[in-house]
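Notes follow once the structure below has been shown.
In what follows, every chain begins at residue 1, and chains take the letters A, B, ... in the order their sequences are listed. For the numbers below, each heavy atom of this structure counts, side chains included, while hydrogens, waters and symmetry mates do not.
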Amino acid sequence: MLKIENLHVSYGGIKALRGISLEVPDGKIVTLIGANGAGKSTTLRTISGLVKADSGSITYNDQELLGKPINKVLEAGIAQAPEGRRVFPNLTVLENLKIGAYLRSDKDGIERDLKWVYELFPRLEERHWQLAGTLSGGEQQMLAVGRALMSRPKLLMMDEPSLGLAPLVVQGIFDIIRTINEQGVTVLLIEQNANMALKIADYAYVLETGNITKFGTGAELLADESIKEAYLGKKKK
Amino acid sequence: MKNNKKRNLLLSLILAAVCLVFLLYVDKFQHYSMLASVLKKGAIYSLVAVSLNLLNGFTGLFSLGQAGFMMIGAYTYAILTIPVESRAAVYQYFDGGIVQFCLPMIVALVLAGIVPMIFAWLIGLPVLKLKSDYLAIATLGFAEIMRAIIQWKQVGPLTNASNLLKKFANFDSVLFPFIVSGICIAIIVLIINSTYGRAFKAIRDDEIAAEAMGINLAKHKMQAFMISSFFAGVGGALLAMFQSSVQANTFTSTMTYEILLIVVIGGIGSITGSILGSFLYIACSEWWLRFLDDPMPYIGVNIPFMRGGFRMLVFSVVIMIVVLFFRKGIMGDHEFSWDGIINWFGKLFKKREKPAKEVASK
């Protein structure tokens with residue numbers, strides 16, 4: 001279980017997170033929704049070690065992660081598919097996937113996981129020799145998720161997988177997220193597309209300007225009137 | 001596919017054999033010809049260009065310190081291999097210098113790589129934090145500073161100040177630079193195709209994503225910088241042998257630009273491109289375009305501009321044309337492959353199809 005307690009993060013003088021606490025139980029899909037600048041990506045980047053926190057604690061299975069370098073976080077079993085996909089455009093699909101397994105040295109395991117990723121995304125196998133920059137947006141997102149899975153994570157963090165994709169493609173990505181979760185990978189999903197995210201999430205947190213304002217199961221928040229108004233496009237009467 | 005593999009292997013072997021026979025022929029019958037010296041210098045520049053390509057093309061670090069590292073390599077080699085009995089003559093202003101021993105050629109050649117590598121580590125500590133143009137300026141500055149320091153009178157007992165270093169161990173055969181460069185380039189290719197190489201390319205493409213994959217940016221940039229300097233140093237030592245004398249004055253920033261030009265013409269991110277580029281460049285600058293520097297009387301009138309230095313002017317026009325219209329160079333970021341060549345010729349003969357865009361595929 002990933003546990004965040006009273007986490008404060010600031011960029012220069014600006015407070016991005018003002019003491020948030022949340023839990024990601026094993027085997028579940030947890031989503032963090034909120035508007036632009038609410039601190040969603042900051043949360044994710046702090047967990048992965050790309051951003052330093054002011055105070056608080058992040059523990060994964062009782063192991064403190066705060067202040068640890070990125071490779072230690074990855075070794076603990078937390079991988080991420082960063083915002084905006086960020087695949088390596090001049091590397092082939094296969095090379096991209098191999099970079100995902102960069103910290104691993106078990107050749108057989110890597111081979112097995114490569115097969116697993118190809119099973120999840122047959123499209124990637126078809127195009128394994130192609131440069132990642134020539135893939136479509138949806139395929140690049142698949143590659144970003146596949147690349148993150150290549151480190152064999154127990155917890156996968158995804159930052160806005162629906163960003164800039166057509167609705168049909170987004171549906172495909174969310175189906176895959178569910179499949180990955182059913183195969184035993186815990187998912188922490190950060191989304192602006194609250195409707196889709198809440199539908200597949202077991203638990204959901206709402207983040208507003210650095211504070212967690214609401215918590216509940218996905219279905220609960222989906223039915224919540226204020227959430228509907230703020231994020232799901234229901235008109236005020 | 002299997003047939004192709006067999007065919008490609010066969011073609012490669014034939015090509016290698018043809019090259020070897022050609023080199024042996026040149027070595028035996030045209031030992032002092034222009035052709036031999038172009039081949040030797042081309043092989044040396046291939047190594048240096050590939051080492052710069054490792055940094056510029058594969059790791060995305062824009063460094064202009066290559067001539068500096070070459071100079072350190074050349075000096076290391078020369079200082080260590082001058083026979084003890086000739087030292088008094090070479091270091092005539094410095095009482096025979098302070099180094100009073102002579103190392104075997106191969107050991108000195110390896111040291112000519114290791115010493116620049118140590119310098120690269122020292123410089124890399126502060127400089128590799130910089131990006132793009134700033135890194136280029138800092139490395140260029142380093143090369144110029146090193147050139148000034150070597151010529152300083154106070155270090156004369158070691159470097160012979162601004163006087164020539166000569167009479168050090170030398171090669172005679174045309175094959176020698178090919179063998180050394182070949183081994184070094186093979187090592188670089190192995191590095192590029194390994195996990196390290198993938199990490200370098202990932203850093204080039206997207207630093208943030210590379211970091212998110214657990215790649216240690218500082219460590220890998222330093223590795224690339226040091227590896228590149230090692231081979232630049234070996235290349236410098238070979239160049240010293242080729243010229244059979246070393247003087248700091250020859251390792252100017254112009255030399256770095258020459259190498260950069262080779263890398264750009266060959267294709268940034270292509271090993272075979274760099275090799276082709278360097279032979280082409282050296283052949284043009286040393287041989288085929290020499291006539292541009294000579295006054296050429298034509299029906300009693302000298303053609304304007306044809307005088308010493310005009311060649312360099314032509315080169316600057318060439319680089320402008322390359323940068324403006326042929327950004328990808330000869331090979332782009334592709335490597336030479338038989339399949340690519342055969343496809344290219346196939347397309348050339350089948351006119352109804354679209355003309356091939358690149359020489360090679362994959």
Nearest heavy atoms of B:Ile203 and B:Leu217, plus distance in Å: CG1-CD2, 3.8 Å
Donor + acceptor pair across side chains of B:Ser228, B:Gln66 (<3.5 Å): yes
Winner by heavy-atom pair count (cut-off under 4.5 Å) against chain A, out of B:Asn216, B:Thr195, B:Ile215: B:Ile215
Electrostatic pair A:Lys40-A:Glu83, nearest N-O below 4.0 angstrom: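 Salt bridge between A:Lys40 and A:Glu83, a charged N being under 4.0 Å from a carboxylate O: no.
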Under 4.5 Å from a heavy atom of chain B, the part of A:Leu91 involved: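 It is both, since atoms from each part get that close.
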Atom group of A:Leu50 that falls short of 4.5 Å from chain B, counting heavy atoms: side chain
Chain B contacts, top residue of A:Ile99, A:Leu103, A:Leu131 (heavy-atom pairs, under 4.5 Å):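 Top option by heavy-atom pairs under 4.5 Å: A:Ile99.
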Top contributor to chain B interface from A:Arg85, A:Met150, A:Glu95 [non-hydrogen pairs under 4.5 Å]: A:Glu95
Side chain to side chain donor-acceptor pair (under 3.5 Å) involving A:Asn181 - partner list, sequence neighbours excluded: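 Listed in chain order: nothing, the list is empty.
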Qualifying residues under ring-ring contact (aromatic ring centres under 6.0 Å, His included), relative to B:Phe225, sequence neighbours excluded: B:Phe69
